[in-house]
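Quick caveat: nothing in here was measured; it's all calculated off a predicted structure. Order of listing sets the numbers, starting from 1, for every ligand and every atom in it. For the single chain, residues carry numbers from 1 onward in sequence order.
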Amino acid sequence: MINEITDILTKIFNKEGYNIIPKITKSEIEGVDFQCNDLFKLAKENHTSPIEIGEKLEQKINEISDFSNYFKKVTFSKPGFLNITVSDNLICKYLKALNNDEKLGIKESHQTIVLDYGGPNIAKPLHVGHLRTAIIGQALNNLLKFEGNKTISDVHLGDIGLQMGQVIYGILEDFKGQKLENINFDLNYLNVTYPKISSLCKEDEKVKEKCEQITKELQEGNEDYKILWKKICEVSITDIKRIYKYLSVDFDLWYGESDAYKYFDELTEYLNNQNILKRDEGALVIDVKEENDKIEMPPFIYQKSNGAYLYSSSDLATIYQRQKDYKPDEIIYIADSRQALHFTEVFRAAKKAHIFEGKLKHVGYGTVNGKDNKPFKTRSGGAFKLDDLIKEVEETFVSLREENKNMDKEDLDKIVNSIIKFADLQNDLERNYIFDIQKFSEVNGKTGPYILYTYLRINKLLSESHNLSNHIYNEKDKNLRMKILEVTNALNNSLNELKPHYIANYLYELSVSANDFYETNHLNNISGEEKEDYLYILNLTNRVIKTLLNILGIYLPKKM
Ligand code: ARG
């Protein structure tokens, strides 16, 4: 709608000798939909006053022959604004178009995009940090698919780092003398062993060296270590899959860093042909410094002097593999902002070596904090395991109301998901945010349950409606209609910046408008065309809510 109004006004402005495309913005003034603030600029350029220009333009706009198709009222307002109220016709025309558009007004895109948003490390329990990658990544995946792209999601497990050497060391100590094939352990064992050996490494240099040695030999394919490694992966991945399933987070590929290792020989040969690897204190590196760098940019380490590969090299080899397998237009990594330097280095190395010509993007996010604004901790002060967080949210929600106690388990899971996801996704993802479990579990406020409740409440009233007249009945009705039309903008903003919070915030605003409408317009008091119109608007409202919730990975319970 803004585009169409801008076009009309541009024609009038140009005809009067003002060669600009006027900027039309949403107005906060009651009864006014849009405004144009360009009159000051024009007055300055034309050495006259905004009043003179404004009054003239007001008159010219009001004189166009099809004025009422577009406008209800256009007035000049001192000191220099054009206030625009659009016609009911125009609003209804756009609502009908939106209603017929599966894509809610956005333009389709058909790119191939790889998304990398898992990154849990095998043998360590999932913690709150992993939650953000998963939630944000899945939302972006859903959004890019909605736009029409072919996406390929990869969990990119951390399955071959030092933690593997540490856990294998621990197992060899604990199960001394047993045949490797017969050794058995469960998740609890892993959850204890990793932190135990990890802190032992900090105290005892010998243990640390041994763990590094095991890691390196494992990377080189040592068959004995591989037997234990496979078992560790099995136990750990089963649990990782369980939690992702609970969160409706899924991946097309369950590759790990280790899967990149089979490409190293090929990649090394390729890099040598490119003449890009240098020796630096024994290590093989790629120089990635650029002239305008404001921060220190150490060389990208491809291979350590002892022959071992690192986190960074496995990311480079993975890009090599993704290019070979999928030739994507873009690869998007969703990972903690603190990894920004790592990704800058990897991306530069990939570009410099001409491994990948498409777009490479790191979407970085901040930390989840507790009420004290420090990284989220359990009541007793430990790092929050994801399982414990989910449990605590569930308990909090259940304790809020008597009815919640007898809730269907499937519905309860969906609500808990909505609490956690909506709390996260409403924030600009680069910022840290405070997760106040109590606040985000309430049905009132800017919360997941509030949006779910809005949908369910409206849904109870709904029956089909196929026609929309050109009438708008009252202010709340108009507010809701105007808010519905903003959906395209919210989607486009999220797509352009790869930030889901535009959608989440819009969903909240839409829900507020919908509840306002619901409370002032009573369906049982009306009939005929008016009723048909209301049902049409409410059907569209709920379709928008549901579509956007699903993009955010939030699903509707049957009742709450
Ligand atoms: N496993 C990594 C970590 O826990 C995150 C992986 C992110 N993805 C990537 N391709 N590097 O820090």
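Ring geometry for His130 versus His127: interplanar angle of 30 to 60°, hence tilted.
Short contacts between ligand 1 and His156, defined as distances under 4.0 Å to a heavy atom of the residue, involve ligand atoms 8 (N), 9 (C), 10 (N). Interface of Phe343 with ligand 1, defined as ligand atoms under 4.0 Å from a residue heavy atom, comprises 9 (C), 11 (N). Of all atoms in ligand 1, listed by their number and element, those nearer than 4.0 Å to a heavy atom of Tyr333 are 10 (N).
Taking only nitrogen or oxygen atoms, main chain and side chain alike, Gly119 reaches within less than 3.5 Å of ligand 1. The shortest N or O to N or O distance between Gln339 and ligand 1 is under 3.5 Å. The N/O atoms of Asn121, backbone and side chain alike, include one that comes under 3.5 Å of an N/O atom in ligand 1.
Residues Gln339 and Tyr311 have side chains that bring a donor and an acceptor to within less than 3.5 angstrom of each other. Inspection of the Asn149 and Thr151 side chains reveals no N or O donor paired with an N or O acceptor under 3.5 Å.
Within the structure, the closest approach of Tyr117 to ligand 1 does not fall below 4.0 Å when heavy atoms are considered.
Side-chain atoms of Asn141 never come within 3.5 Å of backbone atoms of Gly137 as a donor-acceptor pair (strictly under, hydrogens ignored). Panel note: side chain Asp252, backbone Ser153; a donor-acceptor pair is recorded below 3.5 Å. Gln303 places a side-chain N or O within 3.5 Å of a backbone atom of Gly307 that can act as its donor or acceptor partner.
For the pair Lys103 and Phe146, the cation sits on the ring face: its NZ or CZ lies under 6.0 Å from the ring centre, inside 45° of the axis.
When hydrogens are left out, the protein atom nearest atom 8 (N) of ligand 1 is Asp116 OD1, 3.2 Å; that is the closest non-hydrogen contact. Taking atom 5 (C) of ligand 1 as the reference point, the nearest protein heavy-atom neighbour is Tyr311 OH, 3.5 Å.
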